Amino acid sequence: MSYKGEMQFVAENSTGCNISLEPPAFMGGSGKAPNPIDYLVTALGGCIGFKTIMDISGKGFKLDSFSMKINGTKSKSPSRLFDKLHLIVTLSGDVDDLTVAETIENAVMHTCPIAAMFRETMEITWEHNIIE
């Protein structure tokens, strides 16, 4: 990770991709780059999204769209960021409700290592909506 000045940092990951980050605006960031907490929550969404789509596709279903919104309940404890995260998954395609429900649960509870890390300190809940 390299400091670029004015509270801007650039990290290079293992594949050579550069990732800009900065602190939140109340800590001196400009609001032009994500902060570390943004990346953590994004990593959770990405991991669950990847696992869900891979598992649904692996069962022979075809998705036309997939989106996820993550809402968090902030913790009052200074050592914890959130008490709870709630995922709202919206998707469409040739898929049934039971398959979607089981696949998301499996991703959150068993196959996503980011979710496992988050579950150590907070509750993760979810819901899904299948749109026509």
Side-chain angles (χ1 to χ4, degrees):
M1 180 170 328
S2 302
Y3 180 58
K4 299 299 181 184
E6 298 183 16
M7 297 305 287
Q8 299 288 309
F9 291 82
V10 175
E12 184 175 324
N13 71 8
S14 61
T15 62
C17 292
N18 289 321
I19 303 168
S20 298
L21 67 152
E22 64 179 32
F26 75 88
M27 294 175 65
S30 69
K32 295 179 182 174
N35 66 62
I37 302 307
D38 293 335
Y39 280 118
L40 281 172
V41 174
T42 300
L44 173 68
C47 184
I48 291 171
F50 301 152
K51 297 289 189 178
T52 300
I53 290 170
M54 287 176 12
D55 289 352
I56 287 173
S57 297
K59 292 177 180 180
F61 295 98
K62 182 184 177 309
L63 291 178
D64 295 325
S65 68
F66 180 97
S67 65
M68 183 186 312
K69 182 174 181 166
I70 303 175
N71 297 316
T73 304
K74 295 273 189 179
S75 175
K76 294 189 185 341
S77 168
S79 64
R80 292 175 46 178
L81 181 62
F82 296 105
D83 285 326
K84 179 179 180 178
L85 289 175
H86 183 70
L87 316 174
I88 303 169
V89 175
T90 303
L91 47 85
S92 67
D94 172 31
V95 66
D96 66 77
D97 192 69
L98 182 60
T99 298
V100 172
E102 290 175 348
T103 304
I104 294 170
E105 178 178 5
N106 189 51
V108 173
M109 300 306 293
H110 303 292
T111 63
C112 173
I114 308 294
M117 179 186 71
F118 270 75
R119 285 193 336 270
E120 291 291 320
T121 61
M122 69 192 71
E123 178 184 11
I124 300 175
T125 59
W126 60 91
E127 64 184 90
H128 70 274
N129 303 299
I130 301 174
I131 55 175
E132 301 288 324

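As the structure is a computational prediction, the values presented were derived from the model and not from experiment. All residue numbers in this chain count up from 1 along the given sequence.
By the rule that hydrophobic residues join a cluster once side-chain heavy atoms approach within less than 4.5 Å of another member, Leu63 and Met68 end up as members of one cluster. Under a hydrophobic-cluster definition in which Ile, Leu, Val, Met, Phe, Trp and Tyr are linked whenever side-chain heavy atoms come within less than 4.5 Å, directly or via other members, Leu91 and Ile70 are assigned to the same cluster. Leu40 and Ile19 are assigned to two separate hydrophobic clusters, defined by single-linkage of ILVMFWY side chains at heavy-atom distances under 4.5 Å. Each of Ile88 and Ile131 belongs to its own hydrophobic cluster when Ile, Leu, Val, Met, Phe, Trp and Tyr are linked at side-chain heavy-atom distances under 4.5 angstrom. Side-chain heavy atoms closer than 4.5 Å link hydrophobic residues (I, L, V, M, F, W, Y) into clusters, and following such links, even through other members, never connects Ile37 to Met27.
Judged purely by atom type and a 3.5 angstrom limit, Glu123 has no side-chain atom pairing as donor or acceptor with the backbone of Leu85. Side-chain atoms of Arg119 do not come within 3.5 Å of backbone N or O of Ile114 as any donor-acceptor pair. Asn13 places a side-chain N or O within 3.5 Å of a backbone atom of Cys17 that can act as its donor or acceptor partner.
Gln8 approaches Ala33 most closely through the heavy-atom pair OE1-CB, 4.3 Å. The two residues Pro34 and Ser20 come nearest to each other via the heavy atoms CD-O, 3.9 Å.
Between Phe9 and Glu22 the shortest side-chain heavy-atom distance does not fall below 4.5 Å.
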Show me the side-chain donor-acceptor pairs of residues 41-60 shorter than 3.5 Å, one per line, residues at least two apart or across chains.
from: Thr42; atom 1: OG1; to: Asp38; atom 2: O; distance (Å): 2.8
from: Thr52; atom 1: OG1; to: Ile48; atom 2: O; distance (Å): 2.7
from: Ser57; atom 1: OG; to: Ile53; atom 2: O; distance (Å): 2.9

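Considering OG of Ser92 and CD1 of Ile130, their distance stands at 9.5 Å, rounded to 0.5 Å. Between Leu21 atom CG and Met7 atom CE the span is 10.0 Å, to the nearest 0.5 Å.
Tested against His86, the residues Thr125, Thr73, Asn71 include a single side-chain hydrogen bond (donor to acceptor under 3.5 Å, both in side chains) partner, Thr125.
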